[in-house]
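What follows is a short report on a single structure.
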Amino acid sequence: MITTLPRASDARVRRLAATLYAYTFLDDFTLLYPLYALLFADTGLSTAEISSLLAIWSLTSLVMEIPSGAWADTVSRRLLLVLAPLLAGAGYALWFLVPSYGAFAAGFVLWGTAGALQSGALEALVYTELEREGAVGRYAGIMGRARALGTGAVMAATALAVPLFAAGGYSLAGVASVLVCLVCAAVAAAFPEHRTRRSHRGTGGRDGDPAPDARDRASGPDAPDALDVPDRDRAPGSDARDRDGGPGGDAEDRDDGTGEDTEPSSPRAYLGMLRAGLREARGDRAVRRALLLVPAVAALWGALEEYVPLLAAGTGVATETVPLLVLLVSAGVAAGGFLAAAGSRLTGRGLAVLLAVGAVALGAGAAAGNALGFFAIAAAFCVFQTATVLADVRLQNTIAGPARATVTSVAGLATDVASLGVYGGYAAASAVAGHGVIFALSAVPYLLIALFLASRRDSGRSRRGPGRNRGDSGRSRRDPG
């Protein structure tokens, strides 16, 4: 039994990783994505009307972000991951079946809701399942690969959309997108999910109170700094098993393949979980710092990515060269996902050095003003993608209460709001500066974040032994897949 249990656990981790990879790829393999703006314009919509549709999309995501996270924590994260592509597929079907402003708006509401259902629920499900298997140290590598595959899916969909549109127009691209969504939902049903039997009061005590250890870490004299501490201080695999009904736990393991949830699903349970997540995000200092790091790292480069084609065109290269430069940057983003596992053991100061390197590369590449500078920009985006995955890892490692998806959704909401601020700032700056100058100046915030991280005490070494991650019980930490 000593030799078979780790192998069985490793097989379950591999199954989880494979399901995640397939789900992420299919979710981002949207053949209508590079065509929908053309569809709107060909239907007769003005630029202002198209902009209003994009605003509806963004507003829907913002409004639904945190409520959907609490729903995932209360009912079933797997259920939400199944529903999300179905809603998106329904939206795409509206677009090509009844092309009109109202149908486009309804489709964006469905698509925005789908994105909100996934945000928080996916990270929470993967982290919880890895924690249960004592393999939480693999989270960075697995999520990094998933994000890389998502980037690859967007690139593949963009390339395939051209011949698909030539063969059958918007209808064929729309039908193909809906079919992909149906397959994606089927894949989501294969996710393992073990949930604990909790009362609607969450972790005990008042409704919505965070876990006791979350309160202790928030208020105790030795409260850890989430920017420097990779893990919560815990014996490998100990309370993960207890919470999931293992030895010593009072919960009941629930993975019967039916997708049914044993937790209460009443409005009171939902509100209690929502309060628990918001209270932990607000009241736990370690969680709060880790949560703020996510938008600080992710929002700026994520928004800048939308302007890469304009930056490329501004260098004076031929029009047919612009897609190649954009592809180069996308390849850098994908590489950053694959490299996340290598950076998973960085301390806060290590992450600071990483961000500083990315900032220098971004500034130098933008200042070059030519096609060669895009190699440096691709390297910068590679670094920023790696740092984004690592920021998510640090957030997941600090969450102690049951509302993991809710807290993660708060980080998602903060990222969305920060991204909107970047869009507004970019628009204002474009009136007085060129794209190269704006990209170069965008390196400054990353240098400031790096300085902040480097200035904080690195307390992680005193809280865990060297070379040990929570959930790493001396077994080989070879990542699946």
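Counting heavy atoms from C-beta outward, Pro85 and Tyr23 have side chains that approach closer than 4.5 Å. The closest side-chain heavy-atom distance from Leu355 to Leu447 is not below 4.5 Å. Looking only at side-chain heavy atoms (C-beta outward), Leu291 and Val410 come within less than 4.5 Å of each other. The closest side-chain heavy-atom distance from Gln396 to Thr408 is below 4.5 Å. Using a 4.5 Å cut-off on side-chain heavy atoms (C-beta onward), Phe439 and Tyr426 make contact. Side-chain atoms of Val329 and Leu325, non-hydrogen and from C-beta on, never get closer than 4.5 Å to each other. Considering only heavy atoms from C-beta on, Phe96 comes within 4.5 Å of Val178 through its side chain. Counting only heavy atoms from C-beta outward, the side chains of Glu129 and Thr19 never approach each other to under 4.5 Å.
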For residues 292-300, which side-chain donor-acceptor pairs fall under 3.5 Å, sequence neighbours excluded?
none

Would you give me the side-chain donor-acceptor pairs under 3.5 Å for residues 413-424, sequence neighbours excluded?
{"residue": "Thr415", "atom": "OG1", "partner": "Ala411", "partner atom": "O", "Å": "2.9"}
{"residue": "Ser419", "atom": "OG", "partner": "Thr415", "partner atom": "O", "Å": "2.9"}

Side-chain donor-acceptor contacts of residues 360-374 below 3.5 Å, not counting sequence neighbours, with atom names and distances?
{"residue": "Asn370", "atom": "OD1", "partner": "Leu372", "partner atom": "N", "Å": "3.1"}
{"residue": "Asn370", "atom": "OD1", "partner": "Gly373", "partner atom": "N", "Å": "3.0"}

N/O donor-acceptor pairs under 3.5 Å from side chains in residues 101-110, not counting sequence neighbours:
{"residue": "Tyr101", "atom": "OH", "partner": "Ser52", "partner atom": "OG", "Å": "2.8"}

Residues 306-314 side chain polar contacts: donor-acceptor under 3.5 Å, at least two apart:
none

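To the nearest 0.5 Å, atoms OG1 (Thr113) and CD (Glu65) are separated by 11.0 Å. One finds the OG1 atom of Thr406 at 9.5 Å from the CD atom of Glu280 (value rounded to the nearest 0.5 Å). Interatomic distance, Ile142 CD1 to Leu130 CG, rounded to the nearest 0.5 Å: 4.5 Å. A distance of 9.5 Å separates CD of Gln118 from CG of Leu80, quoted to the nearest 0.5 Å. Distance check, rounded to the nearest 0.5 Å: CG of Leu31 to OH of Tyr36 gives 14.5 Å. Rounding to the nearest 0.5 Å places CG of Leu54 at 7.5 Å from CZ of Phe40.
When atom types are taken as modelled, the side chain of Glu193 and the backbone of Leu125 share no donor-acceptor pair closer than 3.5 angstrom. In this structure, the side chain of Tyr92 does not engage the main chain of Trp111 through any donor-acceptor pair within 3.5 Å. Side chain of Asp73 to backbone of Met273: no donor-acceptor contact under 3.5 angstrom is found. Between the Ser344 side chain and the Ala140 main chain, no donor and acceptor come within less than 3.5 Å of each other. A distance-only check finds no donor-acceptor pair linking the side chain of Ser119 to the backbone of Gly115 [under 3.5 Å]. Judged purely by atom type and a 3.5 angstrom limit, Thr386 uses its side chain to pair as donor or acceptor with the backbone of Gly336. At least one donor-acceptor pair under 3.5 Å links the side chain of Ser430 to the backbone N or O of Ala427. The backbone N or O of Ala116 sits less than 3.5 Å from a side-chain atom of Ser68, completing a donor-acceptor pair. At least one donor-acceptor pair closer than 3.5 Å links the side chain of Arg78 to the backbone N or O of Phe191. Although no hydrogens or angles enter the test, the distance criterion places a donor-acceptor pair under 3.5 Å between the side chain of Glu123 and the main chain of Gly120.
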For the pair Val407 and Val287, evaluate side-chain contact (heavy atoms from CB on, under 4.5 Å) and give the outcome as yes or no after the intermediate values. CA-CA 9 Å; Val407 176; Val287 174; 3.8 Å; yes

Pair Cys382-Leu339, side-chain contact (heavy atoms from CB on, under 4.5 Å): steps then yes or no: CA-CA 8 Å; Cys382 172; Leu339 292 174; 3.7 Å; yes

Please walk me through it: do Tyr127 and Tyr139 pass ring-ring contact (aromatic ring centres under 6.0 Å, His included)? CA-CA 7 Å; Tyr127 190 93; Tyr139 179 80; 5.3 Å; yes

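What you find for Thr43 and Pro99 is that their closest heavy atoms are CG2-O, 3.8 Å. Between Pro34 and Ala157, the shortest heavy-atom contact is CG-O, 4.3 Å.
Using modelled atom types and a 3.5 Å distance limit, the side chains of Arg77 and Thr128 yield a donor-acceptor pair.
For Ala153, the side-chain contact (heavy atoms from CB on, under 4.5 Å) partners are Phe25, Asp28, Phe29, not counting sequence neighbours.
Note on ring orientation: taking the six-membered ring where Trp is involved, the planes of Trp301 and Phe381 are perpendicular (angle over 60°, cut-offs 30° and 60°).
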